[in-house]
Amino acid sequence: MGGKESVARGQTVITAVQTHVWFRRFMTECPSGLQTLHEFKALLGLQGLNQRVNQYVDQLFNVFDKNKDGFIDFLEFIAALNLVIQGKMDQKLKWYFKLYDADGNGSIDRKELLNIFMAIQAINGQNTLNAQEFTNLVFKKIDVNNDELTLEEFISGLEKDQNLLEMITKSFDLSHVLKAIQNGRKQDTLSFSSINAGVGRDNF
């Protein structure tokens, strides 16, 4: 209890002290206790974006908003924070899958994966990996039926291919987003490399 980490059913959870700190920061940014999509974008410094990137950020907000009331409350925030930063890999992959499944039909097609990857590259200002080649590689390695990726294919395929899993977690890791919220400051540019060095590397 207190400031020490607790473990429930083998899963590390956020401490009471950490929760209190994050609650203060969340309420400083959102005094009403409810964060709107506009506030979410402002907090992350993600305004004035092109259509593709806007769709990605909208989808990210939608995944945070578990009860679909159009707001992110603190319970939703802390649940996402706990899952993405400290959750088990299979739990993270399930959460990522929901993010990539833009139309919510339970599967990821090539267009959805391509658009999300290109949006993330646009946010980070990085184009070191060809988005189309990356999409083709993912589907070639883990798409069993050669059509769309199901949740089972997504998790099973990545768990069996450590190189692809590492590539996915580095390219799509959302710790940078939660880290920005946790720190309570806006960032004009979100860098995967800096977060992977400071946070993601310790959690994967």
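Because only heavy atoms are used, hydrogens play no part in the values below, and waters and symmetry mates are left out as well, while side chains stay in. All residue numbers in this chain count up from 1 along the given sequence.
- Note: Leu158 CG to Asp90 CG = 12.0 Å, rounded to the nearest 0.5 Å.
- Here the rule is side-chain hydrogen bond (donor to acceptor under 3.5 Å, both in side chains) with Arg110, and of Asn136, Thr135, Asn115 only Asn136 fits it.
- Atom-to-atom distance recorded for Gln132:CD and Leu114:CG is 5.0 Å, nearest 0.5 angstrom.
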task: For Tyr100 and Leu149, run side chain to side chain contact (heavy atoms under 4.5 Å, CB included): C-alpha distance rounded to whole Å, both residues' side-chain angles, the deciding distance at 0.1 Å, then the answer.
output: CA-CA 10 Å; Tyr100 311 147; Leu149 293 176; over 6 Å; no
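- Remark: side-chain polar atoms of Asn145 are not paired, donor with acceptor, to backbone N or O of Asp147 under 3.5 angstrom.
- Checked against the 6.0 Å centroid threshold, Phe77 and Phe74 count as a close aromatic pair.
- When all heavy atoms of Ala80 and Phe64 are compared, the closest pair comes out as CB-CE2, 3.9 Å.
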task: Give the intermediate values and the outcome of side chain to side chain contact (heavy atoms under 4.5 Å, CB included) for residues Lys41 and Asn54.
output: CA-CA 9 Å; Lys41 291 180 178 180; Asn54 258 323; 2.8 Å; yes
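- Atom-to-atom distance recorded for Lys94:NZ and Lys88:NZ is 10.5 Å, nearest 0.5 angstrom.
- Checked by atom type and distance alone, the side chain of Glu112 pairs as donor or acceptor with a backbone atom of Asp109 at under 3.5 Å.
- In this structure, the separation between OG on Ser32 and CZ on Phe71 is 7.5 Å, given to the nearest 0.5 Å.
- Between Leu93 and Ile155 the shortest heavy-atom distance is CB-CG1, 4.1 Å.
- With values rounded to the nearest 0.5 angstrom, Lys160 atom NZ is found 14.0 Å from Lys141 atom NZ.
- Side chain of Asp58 to backbone of Asn62: no donor-acceptor contact under 3.5 angstrom is found.
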message: side chain to side chain contact (heavy atoms under 4.5 Å, CB included) for Leu60 and Phe40? Distances and angles first, verdict last.
response: CA-CA 10 Å; Leu60 180 59; Phe40 183 71; 3.8 Å; yes
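- No side-chain heavy atom of Asp161 sits less than 4.5 Å from a side-chain heavy atom of Leu165.
- Side chains of Gln59 and Leu99 form a contact here, defined as non-hydrogen atoms less than 4.5 Å apart.
- Residues Thr150 and Val144 form no side-chain contact, since every pair of their non-hydrogen atoms from C-beta on lies 4.5 Å or further apart.
- Going from atom CG of Leu34 over to atom CD of Glu76 covers 8.5 Å, rounded to the nearest 0.5 Å.
- Side-chain contact between Phe26 and Ile78 is absent, with no heavy-atom pair separated by less than 4.5 Å.
- Leu75 is not listed as a side-chain neighbour of Lys66, based on a closest heavy-atom distance of 4.5 Å or more.
- Residue Lys140 qualifies as open at atom NZ: its count of foreign heavy atoms under 6.0 Å is 12 or below.
- Nearest heavy-atom pair, Glu148 versus Glu153, reported as atom, atom and distance to 0.1 Å: O-OE1, 3.0 Å.
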